[in-house]
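Below is one structure; the comments refer to it alone.
Since we're looking at a predicted model, the values are computed, not measured.
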Amino acid sequence: MLFVCRHYSWSKFTLLCIKDPSFNKITCSNSSYYHSYVYPFRYSSRNLCSWPQMYCRSNSRLLLVQTQFSIVSVKPPLHVFLSPSLPVTFYSSSAPGWLRGPPSRSLRKRMNRRARIAAMPVLDESQFQNAVSQLPPRFTPEELRSVMDSQRDPLVCLELFNWASKQHRFRHNVSTYHVTIQRLGEANMYKEMDDIVNQVLAIPSIGSEELFNSMIYYFTEARKLTRAVMIYKHMLNSRKLDCRPSIKTYNILFAALLSRRTNSYINHMYMEAIRSLFKQMVDNGIEPDIVSLNTLIKGYVLSLHVNDALRIFHQMGVVYQCQPNSFSYDYLIHGLCAQGRTKNAKEIYDKMKCKGLIPSSKSYNSLVNSSALGGEVDEAVKFLWEMNENRRTIDFITFRTVIDEVCRQRSMQDAIGLLKELQDKDLIDGLTHSKLLHELEDDIDNLNVRNR
């Protein structure tokens, strides 16, 4: 936004003021002295704006600053000294009535969009010309790809791609499309990448499984799942056999559907899509691997369908000819403990130990908490020592759960003795010991108050 203010006195000058899109400051430039000043600018809660007092040596009369949608009363900022804020009233020239309070949401969006456009990186012309000079007069797509691959700047890579598209008798191939999409995807320039993807989809003869997998991956990273599914359907309908989806394609989609989800209801909704996608993969004759099967088990556990997860687990070595690994066991142990099925979790744990696999910290903590809450304090303490031997991290909630259950089922002295033993074996430090001891004493005091 541009402000132009004129001082109508014997010392005339023009002041150009540019407001920051975030409405935090205003930058003013004096055309007479060629100086620039940055003034803090904020809105108050009384439909006014805070503007610093600014003084002029020659005159102290008020100025009127004409803007695109307001008139602001300020003091002439020839020589600026910051002092207590001067309330300034905004008068709207483009909308009827007063411009009350801070700018509207739509105005802020427009200003922020303009700021983002202004802050976009600028093409390095010298670097681009240097890259063009490395190409022979009649370069091939492989030579262009080699030069583009050596460029770290995505803007230079995109400009090379567009420049080569305008050259006589040159046609891009899979390699040049692929390196351009990779550079733009790594730089999070998804709008520019989307334009290149549309060019690929418009040419039936251009495409490969690796190229389409890269498109799906970067679209899922941008959380554009609809666009990623569209690329997947394009691969399904492709007449070229080397463009059909592979196990890698499905694993990318599985990971995207399960990532960044912590709500069990949302996981339940996405699990329907994963189940349908898994069925399509099997119907297309693609054998699932350990990654896709573990993703299916994890999805069932997160959506609280532990029995379905157990079914997939028991089918791994029989139906799919794929043996479970440590992740398969960890997902099941955590899911069973979360539902209070400690006995089934211990059975999975025993099978895991028979194969020489060590549970993760999350699985161990789940076993300790589930055993302690189920009344098996000795079993929970045994898991604690085992976690220490296997160098697994014990969280604070696990320590507190075990100490509280020992105190509740046995006595206060047994809980304090266990706490002392944990400190002697360096499982907890002095600060954690003091915190657990204070919380234990508070619980005992609260229990005595209730009994009274």
Side-chain angles (χ1 to χ4, degrees), residues 260-265 267 298 301-304 306 309-310 326-354 357-452:
R260 306 174 192 175
R261 306 291 176 187
T262 57
N263 190 301
S264 60
Y265 178 75
N267 286 315
K298 180 182 178 181
V301 168
L302 293 177
S303 60
L304 306 181
V306 183
L310 285 171
S326 59
F327 293 102
S328 312
Y329 292 102
D330 285 333
Y331 295 145
L332 286 174
I333 291 173
H334 175 69
L336 290 169
C337 290
Q339 292 190 350
R341 301 167 61 176
T342 311
K343 182 178 178 181
N344 300 123
K346 289 179 181 178
E347 292 175 357
I348 301 296
Y349 165 77
D350 292 335
K351 292 181 180 179
M352 188 177 188
K353 286 193 66 177
C354 291
L357 301 175
I358 301 176
S360 64
S361 299
K362 188 174 183 179
S363 299
Y364 265 128
N365 284 304
S366 299
L367 284 169
V368 173
N369 285 284
S370 181
S371 300
L373 294 175
E376 301 176 358
V377 177
D378 294 334
E379 193 75 12
V381 175
K382 186 188 76 172
F383 281 129
L384 278 181
W385 306 137
E386 190 174 325
M387 288 183 70
N388 186 38
E389 293 175 0
N390 294 326
R391 297 181 179 180
R392 293 294 187 260
T393 304
I394 309 173
D395 56 33
F396 181 80
I397 296 177
T398 301
F399 283 125
R400 182 176 180 182
T401 302
V402 174
I403 296 298
D404 288 346
E405 290 301 317
V406 169
C407 180
R408 186 177 65 86
Q409 298 181 25
R410 296 180 182 175
S411 64
M412 176 74 169
Q413 297 301 323
D414 291 337
I416 294 176
L418 177 60
L419 198 57
K420 182 68 169 57
E421 189 177 0
L422 291 173
Q423 187 180 22
D424 293 340
K425 292 187 177 181
D426 293 332
L427 268 72
I428 57 176
D429 54 12
L431 181 61
T432 306
H433 177 272
S434 301
K435 188 175 181 180
L436 288 170
L437 185 59
H438 289 319
E439 292 186 358
L440 183 61
E441 291 173 352
D442 292 340
D443 292 341
I444 294 298
D445 294 339
N446 293 333
L447 183 61
N448 292 335
V449 170
R450 292 196 198 101
N451 292 336
R452 291 175 188 175

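Every residue two or more places apart in sequence or in another chain that forms a side chain to side chain contact (heavy atoms under 4.5 Å, CB included) with Ile358 is listed here: Tyr364, Asn390, Arg392. By the side chain to side chain donor-acceptor pair (under 3.5 Å) test, Ser370 pairs with Thr342, sequence neighbours left out. Remark: Lys382 engages Glu379 in a salt bridge (charged side-chain N to carboxylate O under 4.0 Å, His left out) (not counting sequence neighbours). With sequence neighbours left out, the side chain to side chain contact (heavy atoms under 4.5 Å, CB included) criterion links Leu373 to Thr401, Glu405. Residues passing the side chain to side chain donor-acceptor pair (under 3.5 Å) test with Ser411 are Asp414, sequence neighbours excluded. The salt bridge (charged side-chain N to carboxylate O under 4.0 Å, His left out) search around Lys362 returns none, not counting sequence neighbours. Qualifying ring-ring contact (aromatic ring centres under 6.0 Å, His included) partners for Phe383, counting only residues two or more places apart in sequence or in other chains: Tyr349. Looking at residues two or more places apart in sequence or on another chain, you find a salt bridge (charged side-chain N to carboxylate O under 4.0 Å, His left out) between Asp378 and Arg410. Lys420 meets the salt bridge (charged side-chain N to carboxylate O under 4.0 Å, His left out) test with Asp424; sequence neighbours excluded. Not a single ring-ring contact (aromatic ring centres under 6.0 Å, His included) links Tyr331 to another residue, sequence neighbours left out. Looking at residues two or more places apart in sequence or on another chain, you find a side chain to side chain donor-acceptor pair (under 3.5 Å) between Thr432 and Asp429.
Note that Lys298 lies outside the cation-pi zone of Phe327, set by a 6.0 Å cut-off to the ring centre and a 45° limit from the axis.
Considering Ile394, Asp395, Thr393 as possible partners of Ser361, the one that fulfils the side chain to side chain contact (heavy atoms under 4.5 Å, CB included) test is Thr393. With Ile403 as reference, Leu419 is the one residue of Leu419, Leu437, Ile416 to meet the side chain to side chain contact (heavy atoms under 4.5 Å, CB included) rule.
We find the CZ-CD distance between Phe396 and Glu439 to be 4.0 Å, quoted to the nearest 0.5 Å. Within the model, atoms CG of Leu332 and CD1 of Ile348 stand 5.5 Å from one another, a figure rounded to the nearest 0.5 Å. Remark: Gln413 CD to Cys407 SG distance equals 9.5 Å, nearest 0.5 Å. With rounding to the nearest 0.5 Å, the separation of NZ in Lys425 from CG in Leu384 is 10.5 Å.
The two residues Ala345 and Leu367 come nearest to each other via the heavy atoms CB-CD2, 4.1 Å. A pairwise comparison of heavy atoms in Ala309 and Val301 identifies CB-CG2, 3.9 Å as the closest pair. Shown here for Val406 and Leu418, the closest heavy-atom pair between the two residues is CG2-CD2, 3.8 Å. Scanning all heavy atoms of the two residues, the minimum distance from Gln339 to Val306 falls at NE2-CG2, 3.3 Å.
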Inset, instruction - Kindly determine whether Trp385 and Leu427 satisfy side chain to side chain contact (heavy atoms under 4.5 Å, CB included), including the steps that lead there. - result: CA-CA 9 Å; Trp385 306 137; Leu427 268 72; 3.9 Å; yes
Legend entry - salt bridge (charged side-chain N to carboxylate O under 4.0 Å, His left out) between Arg400 and Asp404, worked out: CA-CA 6 Å; Arg400 182 176 180 182; Asp404 288 346; 3.6 Å; yes
Legend entry - side chain to side chain contact (heavy atoms under 4.5 Å, CB included) evaluation trace for Ile333 with Met352: CA-CA 10 Å; Ile333 291 173; Met352 188 177 188; 4.1 Å; yes
Legend entry - Stepwise side chain to side chain contact (heavy atoms under 4.5 Å, CB included) check, Cys337 with Asn369: CA-CA 8 Å; Cys337 290; Asn369 285 284; over 6 Å; no
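For the residue pair Ser366 / His334, a side-chain donor-acceptor distance below 3.5 Å is found, with atom types taken as modelled.
For residues 329-352, the pairs satisfying salt bridge (Lys or Arg N to Asp or Glu O under 4.0 Å) are Lys346-Glu376, with sequence neighbours left out.
The closest side-chain heavy-atom distance from Asn388 to Asp426 is not below 4.5 Å.
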